[in-house]
Amino acid sequence: MDPREFCRKSAKVSLCSILLCAVLLGFYSQLTHRVVLRQMQLEKKESSEGDCHLDTCRIPEVPRLLYPKAQLLKPTRVDVLVMTPWFAPIIWDGTFDSAILDAQFRNITIGLTVFAIKKYVVFLKLFLETAEKHFMVGHKVNYYVFTDQPAAVPQIPLQEGRQVVVLEVRNYKRWQDISMHRMEMISNFSQRRFLREVHYLVCLDVDMKFSDHVGVEILAPLFGTLHPGFYAGDRQSFTYERRPLSQAYIPRDEGDFYYAGGFFGGSVPEVYRLTVACHQAMMADQANGIEAVWHDESHLNRYLLHHKPSKVLSPEYLWDEQMLQRPPLLRKLRYVAVPKNHAEIRNR
């Protein structure tokens, strides 16, 4: 073969090989780009579904409303603290407009968890009846009733878009164990169903009744409630867990507020994180032979010290009229204790 002809053929083969490589490289590049783009879309979707909160991930659209203009130089409350040092609002009567908030939080579903175990089932009827009058009126609500006696859950008339969901759970011999295992049960059901069914969770004690409006003004990624016995106290008076061996330990020179274990909540992902952390801390304490002084409430206070709530509810949202004299700064009592014999209820 003529050397020049051989060179021409070799050049053509080389050129074809280069072109083929370029085509394959372009196809691979497009395929890789599509895979990466798809992965980013999936991650964005998972992030949106798992961690996004309606009040932080987007600015809600509010329809045209008529309401009084806020006066910048005339605060609605000057007799109480209305904001924490980390810029979380403290919710008192007169600090919010329900009409604006109802429009902002429309089209959401709120889950309310309550534990009616052993003798505590006797409080459930009054709890649900008063909730229907005062709790999240006009919004969709799932009442999640944790109980060892499903047949004892009362049937009461419900507003449209609201339902009672009975979740059967075991009881425990000691009331302290029932209290501490609430965190485990809420975390388990958050993962199993609450993440799919509701946007926010409100976790309450059952031996209470609603006596005034409790609405969407409380909703936030994470909120706690000032304990009625300590809202005016200093750190030294707080009944934190003071033993360093406990996972709930808080030193005497630390602490913001003392939060009540009977009223907390937030978005489902945040409540899941809180309850998992508290349950794991209680299990670590149990392994070390220690039980925090106020059980799950002690661990809740430790968690909220290091994971600052984005809203704090005033003692309007948790009060005991039998044990405490109502001060003038409490314009409303929204959720109050039902008179009871604690020893009789807890020990049966």
Side-chain angles (χ1 to χ4, degrees), residues 53-56 58-106 108 110 112 130-131 133-139 141 199-204 208 210-234 255-260 262-267 270 304 307-321 324-336:
H53 311 298
L54 294 180
D55 52 351
T56 58
R58 63 176 177 82
I59 299 174
E61 179 184 352
V62 177
R64 172 177 163 78
L65 296 172
L66 298 178
Y67 50 85
K69 178 187 176 299
Q71 299 298 315
L72 187 64
L73 302 181
K74 293 181 180 179
T76 55
R77 296 289 297 259
V78 294
D79 56 334
V80 291
L81 183 67
V82 297
M83 184 167 290
T84 71
W86 58 93
F87 293 110
I90 304 176
I91 311 303
W92 302 84
D93 181 59
T95 62
F96 60 89
D97 189 312
S98 293
I100 300 173
L101 289 165
D102 282 334
Q104 189 176 23
F105 284 92
R106 66 190 187 280
I108 66 165
I110 301 102
L112 186 159
T130 57
K133 292 179 181 178
H134 300 294
F135 181 75
M136 301 291 171
V137 175
H139 296 276
V141 174
H199 299 91
Y200 291 90
L201 279 177
V202 180
C203 306
L204 303 180
M208 308 281 290
F210 293 90
S211 55
D212 210 315
H213 167 90
V214 176
V216 294
E217 75 278 356
I218 73 174
L219 299 181
L222 183 63
F223 66 82
T225 303
L226 300 180
H227 194 292
F230 300 101
Y231 69 94
D234 57 22
D256 303 309
F257 305 104
Y258 191 89
Y259 300 100
F263 201 135
F264 66 92
S267 69
E270 287 297 338
L304 293 180
H307 304 81
K308 305 295 189 191
S310 39
K311 274 186 184 176
V312 174
L313 308 186
S314 72
E316 293 175 6
Y317 291 87
L318 191 66
W319 194 257
D320 191 325
E321 295 180 280
L324 299 166
Q325 184 176 358
R326 179 178 176 176
L329 58 85
L330 284 184
R331 299 178 183 176
K332 293 182 179 292
L333 297 181
R334 304 177 186 275
Y335 190 55
V336 297

Checklist entry - With under 30° as parallel and over 60° as perpendicular, where do the rings of Phe210 and Phe135 fit, or are they tilted in between? => result tilted

Checklist entry - Do the side chains of Leu313 and Tyr259 get nearer than 4.5 Å, heavy atoms only? => result no

Checklist entry - Any salt bridge between Lys332 and Glu316, counting N to O under 4.0 Å? => result no

Item to check | Heavy-atom pair with the smallest gap, counting every atom of Val336 and Leu333 | outcome: CG1-CB, 3.8 Å

Next on the checklist: I'd like to check Ile110 versus His139 (side-chain heavy atoms, cut-off strictly below 4.5 Å). Are they in contact?
Outcome noted: yes

Checklist entry - Could you give all pairs that pass the salt bridge (Lys or Arg N to Asp or Glu O under 4.0 Å) test and reach residues 74-87, with sequence neighbours left out? => result Arg77-Asp79

Next on the checklist: So, taking the atom named CE in Met136 and the one named CG in Asp102, what distance separates them when rounded to the nearest 0.5 Å?
Outcome noted: 9.5 Å

Checklist outcome for this item: In terms of heavy-atom contacts, Pro309 and Trp86 come closest through O-NE1, 2.8 Å

Next on the checklist: Test side-chain contact (heavy atoms from CB on, under 4.5 Å) on Ser310 and Leu222; report intermediate values, then the result.
Outcome noted: CA-CA 5 Å; Ser310 39; Leu222 183 63; 4.3 Å; yes

Checklist entry - Any side-chain heavy-atom pair from Trp92 and Val82 closer than 4.5 angstrom? => result yes

Next on the checklist: Do Val202 and Phe263 have side chains that approach each other closer than 4.5 Å (heavy atoms only, starting at C-beta)?
Outcome noted: yes

Checklist entry - Does CD in Glu61 sit with more than 12 non-hydrogen atoms of other residues, nucleotides or ligands closer than 6.0 Å? => result no

Checklist entry - Considering all heavy atoms of both residues, which atom of Pro228 and which atom of Leu324 are nearest to each other, and what is their separation? => result CB-CD1, 3.5 Å

Next on the checklist: Would the distance check show the side chain of Thr76 and the main-chain N or O of Gly94 forming a donor-acceptor pair, the cut-off being under 3.5 Å?
Outcome noted: yes

Next on the checklist: One pair to check against side-chain contact (heavy atoms from CB on, under 4.5 Å): Tyr231 and Tyr258. What are the steps and the verdict?
Outcome noted: CA-CA 7 Å; Tyr231 69 94; Tyr258 191 89; over 6 Å; no

Item to check | Heavy-atom donor-acceptor pair, Thr225 side chain to Phe264 backbone, under 3.5 Å | outcome: no

Item to check | Student check: side-chain heavy atoms of Pro315 and Leu226 closer than 4.5 Å | outcome: yes

Checklist entry - Mind checking whether Val312 and Asp256 have side chains closer than 4.5 Å, heavy atoms only? => result no

Next on the checklist: Is the shortest side-chain heavy-atom distance between Leu318 and Met208 below 4.5 Å?
Outcome noted: yes

Next on the checklist: Using every non-hydrogen atom in the two residues, find where Gly224 and Leu304 come nearest and quote the distance to one decimal.
Outcome noted: CA-CD1, 4.3 Å

Next on the checklist: Is the shortest side-chain heavy-atom distance between Tyr335 and Asp212 below 4.5 Å?
Outcome noted: no

Which atom pairs, one a donor and one an acceptor, fall under 3.5 Å between side chains of residues 214-221 and the rest of the protein, sequence neighbours left out?
{"from": "Glu217", "atom 1": "OE1", "to": "His213", "atom 2": "NE2", "distance (Å)": "2.9"}
{"from": "Glu217", "atom 1": "OE1", "to": "Gly215", "atom 2": "N", "distance (Å)": "3.2"}
{"from": "Glu217", "atom 1": "OE2", "to": "Gly215", "atom 2": "N", "distance (Å)": "3.1"}
{"from": "Glu217", "atom 1": "OE2", "to": "Tyr317", "atom 2": "OH", "distance (Å)": "2.7"}

Next on the checklist: Would the distance check show the side chain of Ser267 and the main-chain N or O of Tyr200 forming a donor-acceptor pair, the cut-off being under 3.5 Å?
Outcome noted: no

Checklist outcome for this item: Separation between OG (Ser314) and CG (Leu329), nearest 0.5 Å, reads 8.5 Å

